[in-house]
Amino acid sequence: MHTKIFSATTIGVDAYSVEVEVDMAFGMINFFIVGLPDTAIKESRQRIQTALKNCGLRLPERKITVNLAPADLKKEGTTFDLPIAIGILQAAKLIEISAEFLQETLFLGELSLDGSIKPIKGALAIAYDAQKLGKKRIILPEHNAQEAAFIQNIEVYGVKHLVELVAFLRHEQPLSKTVPVFKTEEQAYEIDFSQVKGQENAKRALLIAAAGKHNILFIGSPGSGKTMLAQRLTTIMPAMTFDETLQASKIYSISGKLQGKPLVTQRPFRSPHHTISQAGLVGGGAFPQPGEISLAHQGILFLDELTEFQRGPLEALRQPLESKEVCIARAQQSITFPASFLLVAAFNPCPCGYYGDKKRECTCSAQQVKRYLEKLSGPLLDRVDLQIHVPTIEYDVIKEKKQTTSSADMKKQVDKVVALQQKRFGNTLINNATMNPDQIEQFCLLTDAAEQLIKRVFNQLHLSMRGYHKVLKVARTIADLDQKETIDVVHLQEALMYRSLDQYFERIQS
Ligand SMILES: [Zn+2]
């Protein structure tokens, strides 16, 4: 008796069909799995046999051969336990599923020895592509049902135990379709900018960063609250759209990082440690997994202690910062993961941490400071529009009872500027920070006085073309916050303030 069950696997963020063929023949009692299985699939033989036995399902004494096709598709993980078990039961006539139902259904799931069905990775990505694979329904672990049910036009059935599924397939017991419980309303954050005392300049810079999607760099002594500030940036960014939620959730789904939540509905904040490897940061591995930059997709990537990161990982960030995706080359095929994130980087101004600090003296020599700053990756910093010094705060400021700007106030302003940009570019993928030189020329119109100012500054500061464009892009966002169509002197002046690092370099060089 021969039967075929459909399942799927993911490569990158895309799903691919896997056919599980089961053949049962007279001969020596044995059980083989073929079709390039990795160790996990070999082990699944043991799990499946034990699970079936523990569910009271006795197999006929036959030679069982399972083939996972196509053979050239690398198959990872334990997703195929359930389809293999169902295939065996069907081939043994212990269940009788109609040919039509089999053809229309994807089975996914790992089996425990007792027959309970354990979660898998990538359910959302598979559900997303299920229609493309010609399927009408998915039967998968209950734990993954919510993420899959987010996709419309596909029936999702979550199952907890093999016994439950067998009863359903034998028409002894119904199984209810999973209804998505995704709430579109915004979710409340526990953190808020009102918890940050002082640092009004840094908060203003973060407001500009969120509004125009500008990458930002903090320079500040230890304990100045750089991390606290960076974490709160997500609270003022626009709520995630349906499409953004879907994109981010797919990445978390294939990484197995949804952790019981059906979807990613808050913008991610990722802060990898400076010891992270290149594969950990940008993605990689034998079965390429998304790195931190993809987990930060549609959110924030925070790199604290930027000077401590290794050169390799930092250099590997250049391309994704430009193209908003990362391509991982493998012998057989290359895999692309999305990686559109807002970069927040921070570092101490010198090895001891107190260069330029008002309260403590820096003990580093000029040479030491210079060498330290040279460790920063130039090409990476070229992609940062805002640079700001974050001072340590005074005790009096911490004790102040004064009401400080809250995330809600800031977010209202961000939302207005985001709407302006959508109208301006007619495309949600472009924003002030990603304008090309033609767009800068078209959309960064200056008043006469502002024109005079930028001319003077351009010559005095020996601005590079890139530096000049950065100032104009930031000034555009500041003018947008001011609801002004034309960039004026005040907007330019403020934009020029966010060049702290360039000023540091100039001071060190002289
Ligand atoms: Zn120092």
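Only heavy atoms go into these numbers, but all of them, side chains included; no hydrogens, no water, no symmetry mates. When a ligand or atom number is given, it counts from 1 through the structure's own listing order. Since this is a predicted model, take the numbers as computed values, not measurements.
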Using only atom types and a distance under 3.5 Å, with no angle test, would you say the side chain of R267 pairs donor to acceptor with the backbone of P238? yes
| Between Q368 (side chain) and S365 (backbone), is there a donor-acceptor pair under 3.5 Å? | yes
The expected count of protein N/O/S atoms at less than 2.8 Å from the Zn ion (ligand 1) is 4
With L206 as partner, the option from L233, N201, V196 fulfilling side chain to side chain contact (heavy atoms under 4.5 Å, CB included) is L233
Next item on the list: Mark yes or no for whether D480, through its side chain, and V417, through its backbone, hold a donor-acceptor pair below 3.5 Å.
Entry: no
Checklist entry - Are any side-chain N or O atoms of S249 and backbone N or O atoms of V264, one a donor and one an acceptor, separated by less than 3.5 Å? => result yes
d(D482 CG, E494 CD) to nearest 0.5 Å is 9.5 Å
